[in-house]
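Some notes on the structure that comes next.
When reading the values below, keep in mind they use all heavy atoms of this one structure, side chains included, and skip hydrogens, waters and symmetry mates. Everything numeric here is computed off the predicted structure, so don't read it as measured data. Reminder, nothing fancy here: chain letters follow the sequence lines and each chain counts from 1.
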2 protein chains.
Amino acid sequence: MRIGVLAKAAGVSVPTIRYYESIGLLTPPARQGGQRIYGSEDVKALSLIRHCRDLDFSLDDIGDILASLQRRLPCSDTKSFAEQHLRSIRTKIAELRALEATMVALVSGCETTCCGSTAPDCVILQPGQVTCG
Amino acid sequence: MRIGVLAKAAGVSVPTIRYYESIGLLTPPARQGGQRIYGSEDVKALSLIRHCRDLDFSLDDIGDILASLQRRLPCSDTKSFAEQHLRSIRTKIAELRALEATMVALVSGCETTCCGSTAPDCVILQPGQVTCG
DNA sequence: CTACGCCCTCAAGCCACTTGAGGTTCAAGC
DNA sequence: GCTTGAACCTCAAGTGGCTTGAGGGCGTAG
């Protein structure tokens, strides 16, 4: 199949496939008249990459995951990748929640204190006024 | 004061200050012998930018905020920037929580189903198995 | 043989910086 | 006046994960 068919089959854009090839994440396929020709394993590989991107793994991590597939490493390897990723997701959630609390405090501070004045005096823009994160 | 002093006063790195100037966020200061010389208003302006970056506003947004300061627009303008930003923070939190739930399901699925097998069969890597987001 | 869609490569753009190379200016000490 | 060292300067490239655009080649149907 040609690249456009692969793209639809795996749910990835054509330039993205070429990009993955350029960084060594996908192995370059055979060519016919200069055009890339793919097989069904390529659909599998690319679908896996897409799945991992949906889970927000980095391309670096995905490279490691693909390598562990090729070496037939045990499943526990995959799981530890996933657990580490889960920890970083939770860290990011905690940071965003702290930021959310800060923003809520600033907005309500604006409503009770300075609404009606001009921007330079707004509590939202006062450094070091309210910080929850 | 010179750029290094400003940097410490506002809690921003020296290259970052030059970068802000290059994109037009900071107005270019006077020079002495080719070196940038700043005043106390520059500390204020840069501290404000840093404050907004701490709140994770984009530099584009910060440009708009600075413009609304210069035009002495009402505080309600600032507040609506903040509210919109708060909404996008909450959207991102929701996305990350869905992702967190998916990852938890995948990891526990791995523990109960496939731990001990090799990576290619791991449920974590099966597209379309578990999706919460 | 022409039209059209799909394919190709290469380069640049996005965001918010950081890092590095290679050179200049300033302040202090001798 | 000279040297040293820190701080300054500019310009270019790298980060991540693509997307977009320019300018051209290939394949097939009419």
Side-chain angles (χ1 to χ4, degrees), chain A residues 1-39 42 45-66 81 84-85 88-89 92 95-96 99, chain B residues 1-26 28-39 42 45-66 84-85 88-89 92 95-96 99:
Chain A
M1 76 190 73
R2 291 197 293 175
I3 198 168
V5 179
L6 173 62
K8 271 186 190 153
V12 168
S13 81
V14 167
T16 297
I17 295 174
R18 288 196 278 250
Y19 170 69
Y20 286 166
E21 186 186 319
S22 78
I23 61 168
L25 200 59
L26 286 176
T27 58
R31 300 262 184 153
Q32 277 181 15
Q35 304 199 353
R36 295 168 177 85
I37 303 298
Y38 296 95
D42 296 310
L46 188 53
S47 298
L48 174 56
I49 294 173
R50 165 131 162 78
H51 171 65
C52 291
R53 285 297 298 143
D54 286 344
L55 297 176
D56 210 29
F57 280 98
S58 72
L59 293 183
D60 251 28
D61 285 350
I62 294 173
D64 292 346
I65 289 170
L66 293 180
F81 274 121
Q84 190 167 354
H85 186 49
S88 77
I89 291 166
K92 202 168 284 178
E95 288 169 4
L96 283 176
L99 181 57
Chain B
M1 75 190 74
R2 292 196 294 172
I3 197 170
V5 179
L6 173 63
K8 273 188 190 153
V12 168
S13 81
V14 167
T16 297
I17 295 173
R18 288 196 277 250
Y19 169 68
Y20 287 166
E21 186 185 320
S22 79
I23 61 168
L25 200 60
L26 286 176
R31 300 262 184 151
Q32 280 181 12
Q35 305 200 350
R36 295 169 177 83
I37 302 297
Y38 295 95
D42 296 309
L46 187 54
S47 298
L48 174 57
I49 293 174
R50 165 130 164 77
H51 171 65
C52 291
R53 285 297 297 142
D54 286 344
L55 298 176
D56 210 29
F57 280 99
S58 72
L59 292 182
D60 251 29
D61 285 350
I62 294 173
D64 291 346
I65 289 170
L66 293 179
Q84 190 166 355
H85 186 47
S88 77
I89 290 166
K92 202 168 283 178
E95 289 169 1
L96 283 176
L99 181 57

Backbone N/O of A/L55 and side chain of A/H85: donor-acceptor pair under 3.5 Å
yes

Kindly give the heavy-atom pair with the smallest separation between A/I49 and A/L26, and that separation in Å.
CD1-CD2, 3.8 Å

Rounded to whole angstrom units, what separation is found between the CE atom of B/M1 and the C1' atom of C/dC26?
18 Å

Among all residues two or more places apart in sequence or in another chain, which pass the side-chain hydrogen bond (donor to acceptor under 3.5 Å, both in side chains) test with A/E21?
A/R36

Measure from CG on B/D54 to C1' on C/dC17 and round the result to the nearest Å.
15 Å

Name every residue in residues 12-38 of chain A that has at least one heavy atom under 4.0 Å from any atom of DNA chain C, in order of residue number, or write none if there are no such residues.
A/R18, A/R31, A/G34, A/Q35, A/R36

Rounded distance (Å) that lies between atom P of D/dC18 and atom CZ of A/R50
10 Å

For D/dC26 and A/R2 - does any side-chain N or O of the residue sit under 4.0 Å from the phosphate oxygens OP1/OP2?
no

Expected list for residues 2-13 of chain A: side-chain donor-acceptor pairs under 3.5 angstrom, two or more places apart:
| unit_1 | atom_1 | unit_2 | atom_2 | d |
| --- | --- | --- | --- | --- |
| A/R2 | NH1 | A/Q35 | OE1 | 3.0 |
| A/S13 | OG | A/T16 | N | 3.2 |
| A/S13 | OG | A/T16 | OG1 | 2.7 |

Could you tell me how far apart B/D56 (CG) and C/dC17 (C1') are, to the nearest whole angstrom?
14 Å

Heavy-atom pair with the smallest gap, counting every atom of B/L99 and A/D54
CD1-O, 4.0 Å

Let me know the distance between CG of A/L46 and C1' of D/dC18, rounded to the nearest Å.
14 Å

Between A/L59 (CG) and D/dG17 (P), how many Å, whole number?
4 Å

Between B/I3 and A/D60, who's closer to the 5' end of DNA chain D by nearest nucleotide?
B/I3

To the nearest 0.5 Å, atom OH of B/Y20 lies from atom CG of B/L59 at 5.0 Å

